[in-house]
Amino acid sequence: MQGSEDGPVLAAGDAGNSSLVKLIESGKMPKRGPKVTPEQLQLIQSWINAGALDN
């Protein structure tokens with residue numbers, strides 16, 4: 001969650017400003033394997049907007 005020298009991977013509570021979501025939406029992530037489906041992206045966004053809880 002800390003990210004790298006480019007900053008945090010996500011902004012808990014704000015999926016719209018999360019690098020993770022932007023990379024998925026642009027098709028740059030994941031680099032290997034199947035792309036994230038719209039349904040999976042919605043789950044990720046909901047999780048981030050809920051505070052990215054580790055439960």
List, one per line, each side-chain donor-acceptor pair under 3.5 Å for residues 15-23, sequence neighbours excluded.
unit_1: Asn17; atom_1: ND2; unit_2: Asp14; atom_2: OD2; d: 2.6
unit_1: Ser18; atom_1: OG; unit_2: Ala11; atom_2: N; d: 2.8
unit_1: Ser18; atom_1: OG; unit_2: Asp14; atom_2: O; d: 3.0

I need the [X] [atom1] to [Y] [atom2] distance, nearest 0.5 Å.
| X | Y | atom1 | atom2 | value |
| --- | --- | --- | --- | --- |
| Leu10 | Ile48 | CG | CD1 | 5.0 Å |
| Gln42 | Asn49 | CD | CG | 8.5 Å |
| Glu25 | Ile44 | CD | CD1 | 10.0 Å |

Step by step, work out the side-chain contact (heavy atoms from CB on, under 4.5 Å) result for Gln40 and Thr37. CA-CA 5 Å; Gln40 292 169 325; Thr37 66; 3.1 Å; yes
